[in-house]
Peer 1: 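Quick one: the structure is below, and I'll ask about it shortly.
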Number of protein chains: 2
Amino acid sequence: MSIIAERRIREKEAMRTNILTTAWQIVTEEGWQSLSIRKIADAIQYSVPVIYDYFENKEAILLEFGKQGFEGVIAELKAAKASSADPAEQLKAIADAYWAFAFNNKEYYQLMWGMGAPSCEMDKCMPERSVFRDLVMAPMIEIIEKANHGDAENNACLKYHTFWSILHGLISIKMVAPADDTEQLNKLVLDDAITGFIKNLKS
Amino acid sequence: MSIIAERRIREKEAMRTNILTTAWQIVTEEGWQSLSIRKIADAIQYSVPVIYDYFENKEAILLEFGKQGFEGVIAELKAAKASSADPAEQLKAIADAYWAFAFNNKEYYQLMWGMGAPSCEMDKCMPERSVFRDLVMAPMIEIIEKANHGDAENNACLKYHTFWSILHGLISIKMVAPADDTEQLNKLVLDDAITGFIKNLKS
DNA sequence: TCCTTTAACCTAACAGTGTTAGCAAAAGTA
DNA sequence: TACTTTTGCTAACACTGTTAGGTTAAAGGA
């Protein structure tokens with residue numbers, strides 16, 4: 001490949017990331033509802049159709065952010081899990097990390113779960129379900145096996161759904177209807193729910 | 001008031017409900033994203049500005065549906081609670097009823113919680129928080145008091161948040177990312193989560 | 001009955017949105 | 001230099017929500 005072609009690819013890449021970072025800035029400053037192709041075009045000082053040379057449509061831009069979000073949260077969860085060898089501790093750490101990600105990256109979380117963000121087919125950028133399952137299922141099975149109740153694998157499947165539901169439920173209620181209670185109380189609710197859940201696994 | 005004025009009020013009311021029922025039909029057939037003022041106007045065979053004689057703007061129409069949704073779910077919850085005198089049974093019945101409402105009225109639920117529906121300030125049509133609290137808090141306090149752990153009132157406040165989070169979490173995960181598992185398994189997850197939660201209140 | 005006021009209803013427009021057809025200029029290739 | 005590809009633009013289309021302004025019909029008062 002010629003040296004010129006290389007430069008052009010580099011420039012193309014640069015424009016793409018320029019579009020993305022500009023779009024992201026608009027989102028963080030004005031929210032998802034306020035993001036439009038024209039606003040991006042204005043901000044990067046190009047005409048509107050140029051955007052379409054780099055992204056098929058608006059959804060493609062959103063899906064790119066969705067991908068970033070999922071990759072980000074998965075990295076955090078993996079790090080959290082690695083922080084301990086005890087399965088119960090691992091579950092708690094994962095829950096804490098997930099919670100922290102959601103509130104430190106509200107824009108991502110809202111997009112990923114279609115909360116107030118413009119509707120788009122997030123499935124298209126979701127990682128395999130197995131990624132999340134592998135992270136959470138293993139410590140669960142371990143806990144259930146230690147407590148010796150029957151079919152740990154089957155049991156864990158049920159508990160796995162419950163685990164994510166509690167987490168997502170806690171977060172999305174706080175996000176949609178932010179109550180007037182303190183940060184401290186919120187953390188307490190998380191702790192109560194998750195430790196209660198883990199205790200239930202054991203007993 | 002003259003007989004003519006009465007008729008006019010009646011007609012005005014009729015037009016309002018005509019707009020609403022027509023809009024609702026569009027929503028159930030094509031989803032929230034597809035609802036537009038022009039579509040409503042076409043369907044009722046009037047020009048667009050007529051809609052604005054009956055509703056201040058589009059959000060006002062959405063809020064009307066929001067109000068209907070909240071009133072509907074509250075009625076269901078009250079009926080569920082009345083089905084038993086045992087506090088634990090009451091909580092289970094409320095959870096079941098809430099779950100049933102969500103899946104029998106997906107359009108309402110999505111609007112009420114901003115899931116994929118057009119964004120609007122739902123606070124404006126939400127009932128007082130106390131309505132939900134009064135329904136759920138009382139049986140909780142009763143359960144905790146029977147089990148005799150310390151400050152039941154304070155404790156119930158924490159558990160109250162957890163209760164709704166679990167419920168909403170279960171529902172919204174199933175709604176956003178409908179898994180391939182059966183109706184039966186879903187019910188099992190609900191049962192597991194709620195009975196686990198109640199057991200935790202007691203022990 | 002005639003006149004005036006008010007309510008109902010419409011056309012046409014404004015300012016946005018996502019998206020695309022088609023053209024001009026620049027850049028790369030032979 | 002001549003040809004081809006890429007790049008970027010203007011202008012438009014088909015939609016949104018919303019409103020200004022005018023017309024027609026109905027209601028109330030003399």
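Only a predicted model underlies this, so the values are computations on that prediction, with no experimental measurement involved. By convention in this document, chain letters (A, B, ...) are assigned in the order of the sequence lines, proteins followed by strands, and residues within each chain are numbered from 1. In what follows, every heavy atom counts, from backbone to side chain, and hydrogens, waters and symmetry copies are set aside.
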Peer 1: If I take atom NZ in residue B/Lys39 and atom C1' in nucleotide D/dT16, what distance separates them, rounded to the nearest angstrom?
Peer 2: 11 Å

Peer 1: What is the distance from CG of A/Asn57 to C1' of C/dG18, rounded to the nearest Å?
Peer 2: 9 Å

Peer 1: C/dC9, OP1 or OP2 - any side-chain N/O from B/Ser47 closer than 4.0 Å?
Peer 2: no

Peer 1: Tell me the interatomic distance from B/Asp53, atom CG, to D/dT19, atom P, rounded to whole angstroms.
Peer 2: 12 Å

Peer 1: Return the value, rounded to whole Å, for the distance between atom CH2 of B/Trp32 and atom C1' of D/dT16.
Peer 2: 17 Å

Peer 1: Using a cut-off of 4.0 Å on non-hydrogen atoms, how would the nucleic acid contact of A/Ile51 be classed: base, sugar-phosphate, or nothing?
Peer 2: nothing

Peer 1: Write down the distance between CD1 (B/Ile37) and P (D/dA14), rounded to a whole number of angstrom.
Peer 2: 22 Å

Peer 1: Which of these nucleotides, D/dT18, C/dT17, D/dA27, is closest to any side-chain atom of A/Ser36?
Peer 2: C/dT17

Peer 1: If only side-chain N and O atoms of B/Tyr52 are considered, is one of them under 4.0 Å from the OP1 or OP2 phosphate oxygen of C/dA8?
Peer 2: no

Peer 1: After noting the C-alpha distance and the side-chain angles of A/Val27 and A/Leu111, does the key distance pass the side chain to side chain contact (heavy atoms under 4.5 Å, CB included) rule?
Peer 2: CA-CA 11 Å; A/Val27 169; A/Leu111 177 66; over 6 Å; no

Peer 1: Students often get this wrong, so: under 4.0 angstrom with heavy atoms, is B/Ile61 touching a base, only sugar-phosphate, or nothing?
Peer 2: nothing

Peer 1: Heavy-atom distance under 4.5 Å between the side chains of A/Ile61 and A/Tyr54, does that happen here?
Peer 2: no

Peer 1: Among A/Tyr98, A/Phe101, A/Phe103, which residue satisfies the ring pair (Phe, Tyr, Trp, His ring centres under 6.0 Å) criterion with A/Tyr109?
Peer 2: A/Tyr98

Peer 1: By the 4.0 Å heavy-atom rule, please label A/Tyr54 as base, sugar-phosphate, or nothing.
Peer 2: sugar-phosphate

Peer 1: Output the single nucleotide from C/dT19, C/dC9, C/dA12 whose closest atom is nearest the side chain of B/Pro49.
Peer 2: C/dA12

Peer 1: Please give, in whole Å, the distance from D/dA25 C1' to B/Glu11 CD?
Peer 2: 13 Å

Peer 1: Suppose we call two aromatic rings close when their centres sit under 6.0 Å apart. Are A/Trp24 and A/Tyr108 close by that rule?
Peer 2: yes

Peer 1: Where the side chain of B/Arg8 is defined as all heavy atoms beyond and including C-beta, which of D/dG17, C/dG28, C/dA8 is the nearest nucleotide?
Peer 2: C/dA8

Peer 1: Within the pair B/Arg38 and D/dT18, is there a side-chain N or O less than 4.0 Å away from OP1 or OP2?
Peer 2: no

Peer 1: To the nearest Å, how far apart are B/Glu56 CD and D/dT18 P?
Peer 2: 9 Å

Peer 1: Let me know the distance between CD of A/Glu30 and C1' of C/dG16, rounded to the nearest Å.
Peer 2: 14 Å

Peer 1: C/dA8, OP1 or OP2 - any side-chain N/O from B/Lys12 closer than 4.0 Å?
Peer 2: yes

Peer 1: Under a 4.0 Å threshold between the charged nitrogen and the carboxylate oxygen, would A/Asp96 count as salt-bridged to A/Lys92?
Peer 2: yes

